[in-house]
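Here's the structure, in structure tokens; my notes come after.
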Amino acid sequence: MTADLPGLSPFIQPSYQGWFADAAWDALLICDEFGKPSAQLATEWEYNEDQSAATLTLREGVKFSDGSDFDAEDVVATLAAVGEVNARFADLEFDVVDPYNLTVTFPQPIPTLDLIMCEANITSSEAIEADKLDSEVLGSGPYIYDAAASTQGSSYTLTKNPDYWDSDTYPYGELVLKVFTDSTAGLNALKTGQIDGILGDASTVEEAEGSDMEAVTLRGVTTRLLITDHNGEKIPALGDVRVRQAMNMVFDRDAISEELYRGFADPAYQIFRVGSDAYLEDLTEDPYPYDVEAAQALMAEAGFQDGFTLQIPFFEGQGHDLLFPYVTEQLGLLNITVEQVNLTGPDAITQLLSGEFPVPLWQLGNYGESLQDIKDYILDDGIWNVSHQPDETIDGLWQTILASSGDERVAAQQEINQYVIDQAWFVPMAYPDGFYLYNPDISVPTMSDFSALHPLLRDFQK
């Protein structure tokens with residue numbers, strides 16, 4: 001892993017490099033690279049007409065790692081607890097028919113209900129009640145956490161669960177996750193056999209291939225600034241569209257792709273994945289061409305020529321080492337002073353998403369299902385729309401999506417895309433190539449991550 005776990009609780013596990021979560025816990029359903037679900041803890045599932053409720057039949061005979069039995073009570077306790085930290089699971093209602101049959105009802109229709117059912121890591125109701133989640137790992141997944149053989153912050157060891165219902169999918173007897181926040185150290189660990197695989201980037205892929213390592217190319221992210229304070233509630237200047245447009249115009253997207261990413265990227269003019277429903281095929285030219293003087297003129301026209309201070313959080317292991325100084329330099333041309341705030345430890349993700357920093361910089365996933373991008377990044381309750389500011393236009397188009405299907409739903413998604421481009425809610429920069437580098441002694445025949453960011457645990461084979 002190029003970044004440490006934020007902690008042991010199932011409710012704060014990252015999806016990016018989420019191998020620990022894949023190993024220790026199961027979800028209700030498991031989604032493939034296209035977001036299509038199959039059985040995991042739920043063996044049968046059915047949604048009501050508007051996709052606001054899921055009726056589930058649960059797998060019988062499943063045990064948690066402490067030997068306790070899994071049933072509907074654990075689903076209810078887990079989803080209720082997740083709802084306290086994740087808006088997607090807030091305000092749920094439960095109708096438990098018996099220990100293995102229940103209905104989960106959401107407060108509104110959810111077009112991406114398949115993905116929601118694949119998301120939450122299900123843990124023991126007893127562990128939740130005893131408040132043990134930060135110190136013990138109680139899951140029903142294919143591996144069991146070995147705390148005695150692990151050192152938090154450095155290395156995490158898990159051993160195969162001999163009673164797992166889908167044991168054949170996970171052929172290795174032991175899984176060791178080692179943390180290498182420094183890319184050079186991580187690459188050296190791969191080359192010397194300390195590890196069998198690690199995420200790579202444009203700076204490491206050629207050296208890895210030169211050392212006879214295998215490389216899988218992944219195109220699953222858009223590098224971007226997220227200008228979530230578009231009403232200017234925290235930083236008044238950001239409430240002026242001209243300021244947001246100016247911030248777009250000081251970034252040379254071609255240079256970013258060629259120089260910062262060494263040619264392993266394409267310039268990005270929108271945040272959505274190529275080929276997804278929201279993607280605008282006709283947007284072939286940059287709507288905000290690189291023009292520093294024009295950007296400075298826009299700032300003056302808006303009355304903010306003297307700029308402002310912008311705190312942007314920084315995480316190790318996210319590939320921002322070269323990008324962050326460039327962002328700081330370019331925004332400085334508009335007299336925008338960037339203060340780097342380093343976030344670490346178990347509260348880092350919570351801080352990042354708290355709204356304290358209204359303009360995060362991140363290489364965020366662009367999904368195969370663009371409705372998920374809209375939910376995560378654009379709707380006012382989206383996890384990454386950290387300022388959570390409502391917008392009437394977006395709300396209206398989302399209601400159209402909820403009430404429609406087919407071409408009408410696609411058209412509404414594309415209208416949302418065009419609107420956030422016109423309003424400059426984001427500063428998209430590049431579609432970088434990602435790489436997973438691995439020892440040829442192992443096999444990675446499939447790539448089933450819905451976000452196209454890395455292999456999932458079930459993709460590693462002998």
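Remember, it's a predicted structure, so these values are computed and weren't measured experimentally.
At least one side-chain heavy atom of Val420 sits under 4.5 Å from a side-chain heavy atom of Ile394. For the pair Ile128/Phe11, a side-chain contact is recorded, criterion being any heavy-atom separation below 4.5 Å from C-beta on. Contact annotation: the side chain of Pro358 approaches that of Ile235 to within less than 4.5 Å [non-hydrogen atoms, C-beta and beyond]. In this structure, Ile421 and Phe426 have side chains that are not in contact, with every pair of non-hydrogen atoms separated by 4.5 Å or more. Looking at heavy atoms from C-beta onward, Val75 lies out of side-chain contact with Thr78 at the 4.5 angstrom threshold. Two residues are said to be in side-chain contact when any heavy atoms from C-beta on lie closer than 4.5 Å; Pro440 and Glu214 meet this criterion. Tyr143 has its side chain out of reach of Asp22: every pair of non-hydrogen atoms, C-beta onward, lies at least 4.5 Å apart. By the 4.5 Å heavy-atom criterion applied to side chains, Pro109 and Gln51 are not counted as neighbours.
Here the shortest heavy-atom pairing between Gly141 and Asp26 reads CA-OD1, 4.0 Å. In terms of heavy atoms, Leu453 sits closest to Gly220 at CD2-O, 3.6 Å. Heavy atoms only, all atoms of each residue included: Thr169 and Pro171 are closest at O-CD, 3.4 Å. Of all the heavy atoms in Pro428 and Arg224, the pair that sits closest is CA-CB, 4.1 Å. Across all non-hydrogen atoms, the minimal contact from Ser140 to Asn161 is O-ND2, 4.2 Å. For Pro313 against Pro360, the heavy-atom pair with the smallest separation is CD-CA, 4.5 Å.
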Leu238 vs Met247, side-chain contact (heavy atoms from CB on, under 4.5 Å): CA-CA, chis, key distance, verdict: CA-CA 10 Å; Leu238 296 179; Met247 291 170 68; 3.8 Å; yes

side-chain contact (heavy atoms from CB on, under 4.5 Å) evaluation trace for Val327 with Met429: CA-CA 10 Å; Val327 169; Met429 300 177 192; 3.9 Å; yes

Side chain to side chain donor-acceptor pair (under 3.5 Å) assessment of Asp4 paired with Tyr156: CA-CA 10 Å; Asp4 190 20; Tyr156 301 84; 2.7 Å; yes

Leu28 vs Trp45, side-chain contact (heavy atoms from CB on, under 4.5 Å): CA-CA, chis, key distance, verdict: CA-CA 9 Å; Leu28 291 167; Trp45 59 98; over 6 Å; no

Full working for side-chain contact (heavy atoms from CB on, under 4.5 Å) between Tyr16 and Leu199: CA-CA 11 Å; Tyr16 182 57; Leu199 283 165; 3.3 Å; yes

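Here the straight-line distance linking atom CH2 of Trp19 with atom NE2 of His454 works out to 5.5 Å at 0.5 Å rounding. One finds the CD atom of Gln40 at 8.0 Å from the CZ atom of Arg59 (value rounded to the nearest 0.5 Å). Atom CG of Leu310 is separated from atom CD of Gln340 by 12.5 Å, given to the nearest 0.5 angstrom. Leu115 CG to Lys36 NZ: the interatomic distance, rounded to the nearest 0.5 Å, is 9.0 Å. Here Ile144 contributes atom CD1 and Leu158 contributes atom CG; the two are 9.0 Å apart, rounded to the nearest 0.5 Å. Atom CG of residue Asp266 and atom OG1 of residue Thr222 lie 11.0 Å apart, to the nearest 0.5 angstrom.
Within a 6.0 Å sphere centred on NZ of Lys160, heavy atoms belonging to other residues, nucleotides or ligands number more than 12. Counting heavy atoms of neighbouring residues, nucleotides and ligands inside a 6.0 Å radius, atom NZ of Lys191 exceeds 12 of them. By the 6.0 Å contact criterion, CD on Glu129 is open, its count of non-hydrogen atoms from other residues, nucleotides or ligands being 12 or less. Enclosure of atom CD in Glu206 is not indicated, since only 12 or fewer non-hydrogen atoms of other residues, nucleotides or ligands lie within 6.0 angstrom. The environment of CG in Asp98 is crowded: more than 12 heavy-atom neighbours from other residues, nucleotides or ligands sit within 6.0 Å.
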Taking distance alone, no hydrogens or angles, what donor-acceptor pairs closer than 3.5 Å link side-chain atoms of residues 372-379 to residues at least two apart or in another chain?
{"from": "Gln372", "atom 1": "NE2", "to": "Asp376", "atom 2": "OD1", "distance (Å)": "3.1"}
{"from": "Asp373", "atom 1": "OD1", "to": "Tyr367", "atom 2": "N", "distance (Å)": "3.4"}
{"from": "Asp373", "atom 1": "OD2", "to": "Tyr367", "atom 2": "N", "distance (Å)": "3.1"}
{"from": "Asp376", "atom 1": "OD1", "to": "Arg88", "atom 2": "NH1", "distance (Å)": "2.2"}
{"from": "Asp376", "atom 1": "OD2", "to": "Tyr367", "atom 2": "OH", "distance (Å)": "3.0"}
{"from": "Tyr377", "atom 1": "OH", "to": "Gly365", "atom 2": "O", "distance (Å)": "2.7"}

Could you pull out every donor-acceptor pair under 3.5 Å between side chains of residues 256-265 and any protein atom, sequence neighbours left out?
{"from": "Ser257", "atom 1": "OG", "to": "Arg253", "atom 2": "O", "distance (Å)": "3.2"}
{"from": "Tyr261", "atom 1": "OH", "to": "Thr223", "atom 2": "OG1", "distance (Å)": "2.8"}
{"from": "Tyr261", "atom 1": "OH", "to": "Gln363", "atom 2": "OE1", "distance (Å)": "2.6"}

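Take Asp433 and apply the salt bridge (Lys or Arg N to Asp or Glu O under 4.0 Å) test, not counting sequence neighbours, and it matches Arg219.
Under 3.5 Å, the side chains of Asn385 and Thr228 contain no donor-acceptor pair of N or O atoms. Side chains of Asn48 and Ser52: a donor-acceptor N/O pair is present below 3.5 angstrom, by distance only. Side chains of Thr2 and Gln17: a donor on one and an acceptor on the other come within 3.5 Å. Side-chain atoms of Ser125 and Asp74 form a donor-acceptor pair, as typed in the model, at a separation below 3.5 Å. Asp459 and Ser448 form a side-chain donor-acceptor contact under 3.5 Å, judged by distance and modelled atom types alone.
Panel note: side chain Glu356, backbone Leu353; no donor-acceptor pair is recorded below 3.5 Å. When atom types are taken as modelled, the side chain of Gln389 and the backbone of His230 share a donor-acceptor pair closer than 3.5 angstrom. A donor-acceptor pair under 3.5 Å links the side-chain atoms of Thr123 to the main chain of Leu138, judged by distance alone. Listed for the Asp229 side chain is a donor-acceptor partner under 3.5 Å among the backbone atoms of Lys234. Within the 3.5 Å criterion, the main-chain N or O of Phe272 finds a donor-acceptor partner in the side chain of Tyr431. Without hydrogens or angle criteria, Ser276 side chain to Arg273 main chain gives a donor-acceptor distance under 3.5 Å. Using a distance-only test at 3.5 Å, with no hydrogens or angles considered, a donor-acceptor pair links the side chain of Asn121 to the main chain of Pro10. Side-chain atoms of Thr328 come within 3.5 Å of backbone atoms of Phe324 as a donor-acceptor pair (strictly under, hydrogens ignored). When atom types are taken as modelled, the side chain of Gln194 and the backbone of Leu190 share no donor-acceptor pair closer than 3.5 angstrom. Using modelled atom types, one side-chain atom of Ser150 and one backbone atom of Thr157 make a donor-acceptor pair closer than 3.5 Å.
Screening Tyr436, Tyr170, Tyr172 against Phe460 for a ring pair (Phe, Tyr, Trp, His ring centres under 6.0 Å) leaves a single residue, Tyr436.
In this structure, Tyr145 has its ring center under 6.0 Å from that of Phe20.
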